[in-house]
Amino acid sequence: MLDIKLIRDDPEKVKMLLGRRGVGESEIDNILKIDEEMRKILTNLNSLRAERNSISKEIAKLKSAKDENGVNRILERGKSLSDEIKIEEDKLSELQSKLSESMLFIPNIPYEKVPFGKDERDNVEIRRWGDGTKFDFAPQAHWDLGSKRRLMDFERASKISGSRFTILRGDAALMERALVSFMIDLHTSKHGYTEILPPHLVLRQTMVNTGKLPKFEEESYSTTLDDLFLIPTAEVPLSAMHEDEIIDEKDLPLKYVAYTPCYRREAGSYGKDVRGMVRQHQFDKVELVKYTKPEDSYDELESLTHDAEEVLQYLELPYRVIELCTGDIGFVSSRTYDIEVWLPSYNDYKEISSCSNVTDFQARRSNVRIRRAGGDLEFAHTLNGSGLAVGRTLVAIFENYQKKDEKIEVPKVLRPYMGGKTEI
RNA sequence: GGAGAGAUGGCCGAGCGGUCGAAGGCACUUGCCUGCUAAGCAAGCGUGGGAUUUUCCCACCGUGGGUUCAAAUCCCACUCUCUCCGCCA
């Protein structure tokens, strides 16, 4: 959620910045119109209420003076004021809900330095680590290798759950679990994050507060009886859990890491990544979330991205970092780096992490504020990033670490988590 | 699922339907004092919004309705927390 004052005070600038990411000027004009109308009613309502309050006080005074005639003289005015107020209040609340409804569909303002662009083709590569893996034999895609080795079972998964699910078996399941532990351990012990194990079901309001709703309802799994939502990422519970809190600025930044499964309907991605376990309705992810002071958030985005990259460095998997252009950044984000890992089956890099500075966009919706040393209150900034998507990391290991005999070497840092195994 | 208790400012905690935006305490800020991170004294100290913006006004006491000229206070519904019982991994 943007600050309405920002739109009110400098609509042209907001239009210009949001225009870069495809928001039409009419949407902003519409909001300005509703806002103006709403303030007009509010002003009127305020003076009506002021009059009613003074009459009420007057009545109280007359009553204690036992002046029944005086009371009756102004009682009628009080009654009619009350009726008027009720009418104005109804108008106001209607406009208010219209306004907030519109505001909920306005995305975050992109950071000035974000490269202009229309879609992912305009994203900019920032850096590379390692080279595309070379093989002296024909490498296999993980779906072939995994099926042959009975480590991944796509057929049985679809029998019990339909498309876009995978059963991991034996050492593949073990490796998935090892990856989760390795990542969390790295982030807690070396990078200073606090481990959280959050609920996987959240309230509708929590989805709204984190910007996943109302815009992306068709992407979400929900429970009809209770209107709870399966989290699409641990970002949701982590970025919302300080709702309505005031955090002392000396306690910032707060840094959290959480492992959770993520549930996504993947509506509209029918032709994409249909084979293997790259795009699933359920996948494991280790997520990083920070709460920071506004002036620190872009620096914290850099370090968060490095924290995520380091996972790939320890696993010795080649990757690159790209910055998303204005047309490709997510709804809540003002700046985003994607980390892409090398996948031989794609002969290309594939997203394995997305690190974003959300600025105060979620904090405003969730009402997460910081108290400055001087006592002032301000919305916190939140950031999030995958550290990393575990399923895709497993895929990357299968494909980059495969050997001619169809065994898969276990990356050195994972061996302690897998009973010392050097290959599976 | 059943029975009961509760929800008030950063925290604790009062609050007969009418100067209650809310006593008191803690914490915090400022000043004074005391020659040594303590104590004392004084003052200040919630959040959000609107406007004719050095001031005035409005809203907010879990949420949403209702009664009333007037609701933290009365009524209804809901949510959450706690205690006990039942069930249960």
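Letters A, B, ... mirror the listed sequences (proteins, then strands); counts begin at 1.
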How far does the [atom1] atom of [N] sit from the matching atom of [M], given to the nearest Å?
N	M	atom1	answer
B:U8	B:G24	C1'	14 Å
B:A7	B:C74	P	11 Å
B:G21	B:G9	C1'	9 Å
B:G4	B:G10	P	33 Å
B:G64	B:C12	C1'	28 Å
B:A42	B:C80	P	47 Å
B:G62	B:C56	P	29 Å
B:A72	B:G2	C1'	31 Å

Checklist entry - Considering residues, nucleotides and ligands other than A:E94, do more than 12 of their heavy atoms fall under 6.0 Å from its CD? => result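 Check fails, neighbour count at 12 or below.
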Can you pull every protein N or O that's under 3.5 Å from an N or O on nucleotides 19-21 of chain B?
none

Using a 4.0 Å heavy-atom cut-off across all strands, classify [X] as base, sugar-phosphate, or nothing.
X	result
A:I55	nothing
A:K40	nothing
A:K61	nothing
A:R369	sugar-phosphate

Is it true that [X] and [Y] make a salt bridge, defined as a side-chain N closer than 4.0 Å to a carboxylate O?
X	Y	answer
A:E423	A:R415	no
A:K350	A:E340	no
A:K86	A:E89	no

Checklist outcome for this item: Paired to B:G35 by Watson-Crick or G-U wobble criteria (both distances under 3.5 Å) is none
Checklist entry - In this structure, which one of A:Q402, A:E406, A:R149 forms a side chain to side chain donor-acceptor pair (under 3.5 Å) with A:Q140? => result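 Among A:Q402, A:E406, A:R149, the one meeting side chain to side chain donor-acceptor pair (under 3.5 Å) with A:Q140 is A:E406.
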Checklist entry - Which residues within residues 3-15 of chain A lie with some heavy atom under 4.0 Å of an atom in RNA chain B? => result A:K5, A:R8
Item to check | Sequence-distant partners of A:R150, salt bridge (charged side-chain N to carboxylate O under 4.0 Å, His left out), two or more places apart | outcome: none
Pairs under 3.5 Å (N/O, protein and nucleotides 54-58 of chain B):
from	atom 1	to	atom 2	distance (Å)
B:C58	OP1	A:N53	ND2	3.1
B:C58	O4'	A:N46	OD1	3.3
B:C58	O2'	A:N46	OD1	2.7
B:C58	O2'	A:R49	NH1	3.1

Selection from [options] that lies nearest to any side-chain heavy atom of [X]:
X	options	result
A:T43	B:C69, B:G50, B:G10	B:G50
A:R371	B:A59, B:A51, B:U47	B:U47
A:L377	B:C69, B:U47, B:A51	B:U47
A:R52	B:G10, B:C69, B:U67	B:C69

Between [X] (side chain) and [Y] (backbone), is there a donor-acceptor pair under 3.5 Å?
X	Y	answer
A:S297	A:K293	no
A:K290	A:E300	yes
A:S356	A:V358	no
A:D67	A:G70	yes

Next on the checklist: Closest-nucleotide mapping onto RNA chain B: is A:D35 or A:K63 further toward the 5' terminus? I mean the 5' end.
Outcome noted: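 Taking each residue's closest nucleotide, the earlier one in sequence belongs to A:K63.
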Item to check | A:L42 or A:A60, whichever maps to the more 5' nucleotide of RNA chain B | outcome: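 Taking each residue's closest nucleotide, the earlier one in sequence belongs to A:A60.
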Checklist entry - How close do A:H142 and A:G276 get, heavy atom to heavy atom, and via which atoms? => result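 Residues A:H142 and A:G276, closest heavy atoms: NE2-CA, 3.3 Å.
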Next on the checklist: Restricting to side-chain hydrogen bond (donor to acceptor under 3.5 Å, both in side chains), what partner residues turn up for A:R204, sequence neighbours left out?
Outcome noted: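 By the side-chain hydrogen bond (donor to acceptor under 3.5 Å, both in side chains) rule, A:R204 matches A:E217, A:D227.
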Next on the checklist: Looking at A:R39, I'd like to know whether one of its side-chain N or O atoms comes within less than 4.0 Å of OP1 or OP2 on B:A51.
Outcome noted: yes
Checklist entry - side-chain hydrogen bond (donor to acceptor under 3.5 Å, both in side chains): which pairs involve residues 69-78 of chain A, sequence neighbours left out? => result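 Every pair satisfying side-chain hydrogen bond (donor to acceptor under 3.5 Å, both in side chains) with a residue in residues 69-78 of chain A: A:E51-A:R77.
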